[in-house]
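Down below is the structure, laid out as C-alpha cells.
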Amino acid sequence: MSNAFIQAAVILLREGLEAMLVIAALAAYLRKVDGGHRVGALYLGALVAIGASLIAAWLFAVLNSGEHSDLMEGIVILVAAGLMLYVSGWLWNKQDPKGWKEYLAHKADHALARDTGWAVGLLAFLAVFREGAETVLFITALAATEGGWSAGLFGGLLAAALALAVLFYFINLVAQRIPLRPLFIVTSAFLFLMGIKFIGEAMQEFQEQAIVPFTPLHGFGWMETIGLNPTLEAVSAQLLVILFAVASFAVVQRNNRLVRRDKAAGAT
C-alpha cells in the first residue's frame, strides 16, 4: 500500500467526515425544531456541492495540465497548508460540544427564519463545498509532492469514497450521539501537522526555483528520510507558524475566559 494511497484516503475521509457531521447534525437539529420538511433541501444542497467540487477538480486539472511548474506547485501547496492550518484552528475552537451546538443552532435558525428551502440548501452547499474545495487543493498538492496522479492516489480516493458511503448511513443513525470532542481534537492535530509538513514542501519548491535561499541544516538528514525539508529556511518558517499558532491559542483561551467571566458576573 503506497504512501499516496494512504494520504489520499485519509484526506478524503477527513474532509468527507467533517462535511457529513455538519449535514447530519443540521438534519437532526431541523427535525427537532419541526423543520423536517427542509431536510430534503439540505441533502439536495449537499449533493449539488459534491458535483460542484468534482467540476472544480476537473477545471483545476484542465487549466494546469501539460505544464509542470514548480512555482505553481509551491503556491498550491502553500495555499493548501494555509487552509489546513485555518481549519485546524477552527476545529480546535469548536471542540467544545456546547459551542458546537450553539454554532449549528445559529446556522440552522438563520436558515429557518427565512422559511425557504433554498436557504437551507444553500447552507448545506456552502458547508460541503468548502470541504470539497479544500479536498481539491489538498489532493492536488499531494499529487505534486508524490510525483503525479498515480494509481495509488486514485485507489486511495476510491477506497475513501466507498468508506464514506458506508459511514454516511451509520452517521445518520447516531447523529445525536457522536463524540465530537475527541474527533475534533484528533482531526485538528492531524491537519496542523499536515499543514506544517506542507509548508516545508512549498519552501522546497520555491528553493528549486531560487526564489528562496537554500541553507542545509547539517546533522538533520534524518528529517529528509521522513519527508521533511532539512533547511534553515523551511524549519524557520515552520517554527514561526507553530509559535503563531501557540500565541493565537493563548489569546483565544484568554478571550474565552473573559467572556465566561463576564457572563457569570452578569448572571449574578
Side-chain angles (χ1 to χ4, degrees), residues 1-32 36 38-57 80 83-84 87-88 90-92 94-97 99-101 103-105 107-108 120-121 123-142 151-195:
M1 190 176 295
S2 68
N3 184 56
F5 179 97
I6 295 173
Q7 290 199 56
V10 169
I11 288 172
L12 184 55
L13 276 172
R14 183 189 63 238
E15 299 301 322
L17 276 173
E18 290 171 13
M20 284 194 298
L21 278 173
V22 172
I23 297 302
L26 283 172
Y29 182 82
L30 287 172
R31 292 188 179 101
K32 279 186 176 181
R38 299 299 182 199
V39 173
L42 186 78
Y43 288 153
L44 179 60
L47 289 174
V48 172
I50 293 173
S53 299
L54 293 174
I55 292 173
L83 282 171
M84 286 180 177
V87 177
S88 172
W90 185 88
L91 284 172
W92 188 267
K94 292 290 184 294
Q95 63 170 292
D96 176 50
W100 176 243
K101 289 179 181 178
Y103 170 78
L104 289 175
K107 292 291 186 182
V120 176
L123 172 61
F125 176 86
L126 293 175
V128 175
F129 185 69
R130 185 189 68 178
E131 307 298 341
E134 289 172 0
T135 301
V136 170
L137 280 173
F138 297 166
I139 295 297
T140 302
L142 176 61
L153 191 148
F154 281 114
L157 292 176
L158 178 60
L162 293 175
L164 286 172
V166 175
L167 285 170
F168 183 69
Y169 173 76
F170 289 104
I171 284 176
N172 275 285
L173 291 179
V174 294
Q176 300 182 45
R177 292 175 290 179
I178 296 175
L180 293 178
R181 186 188 292 270
L183 178 65
F184 274 35
I185 291 175
V186 172
T187 302
S188 175
F190 178 82
L191 277 173
F192 186 79
L193 292 174
M194 286 289 289

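Residue numbers count from 1 along this sequence.
Closest approach of Phe5 to Gly156, counting heavy atoms only: CD1-N, 3.2 Å.
Summarising the geometry, atom CG belonging to Leu42 is positioned 10.0 Å from atom CG belonging to Leu47; distances are rounded to the nearest 0.5 Å. Phe138 contributes atom CZ, which lies 11.5 Å from atom CG of Leu142 (distance to the nearest 0.5 angstrom). Taking CD1 of Ile50 as the reference point, atom CZ of Phe125 lies at 11.0 Å (rounded to 0.5 Å). For the atom pair CG of Leu162 and CG of Leu157, the computed distance is 11.0 Å after rounding to the nearest 0.5 Å.
Under the rule for a side chain to side chain contact (heavy atoms under 4.5 Å, CB included), the partners of Ala160 that lie at least two apart in sequence or sit in another chain are Ala9, Leu12, Leu13.
Partner of Ile11 under the side-chain contact (heavy atoms from CB on, under 4.5 Å) criterion, out of Leu153, Ile6, Ile139: Ile139 alone.
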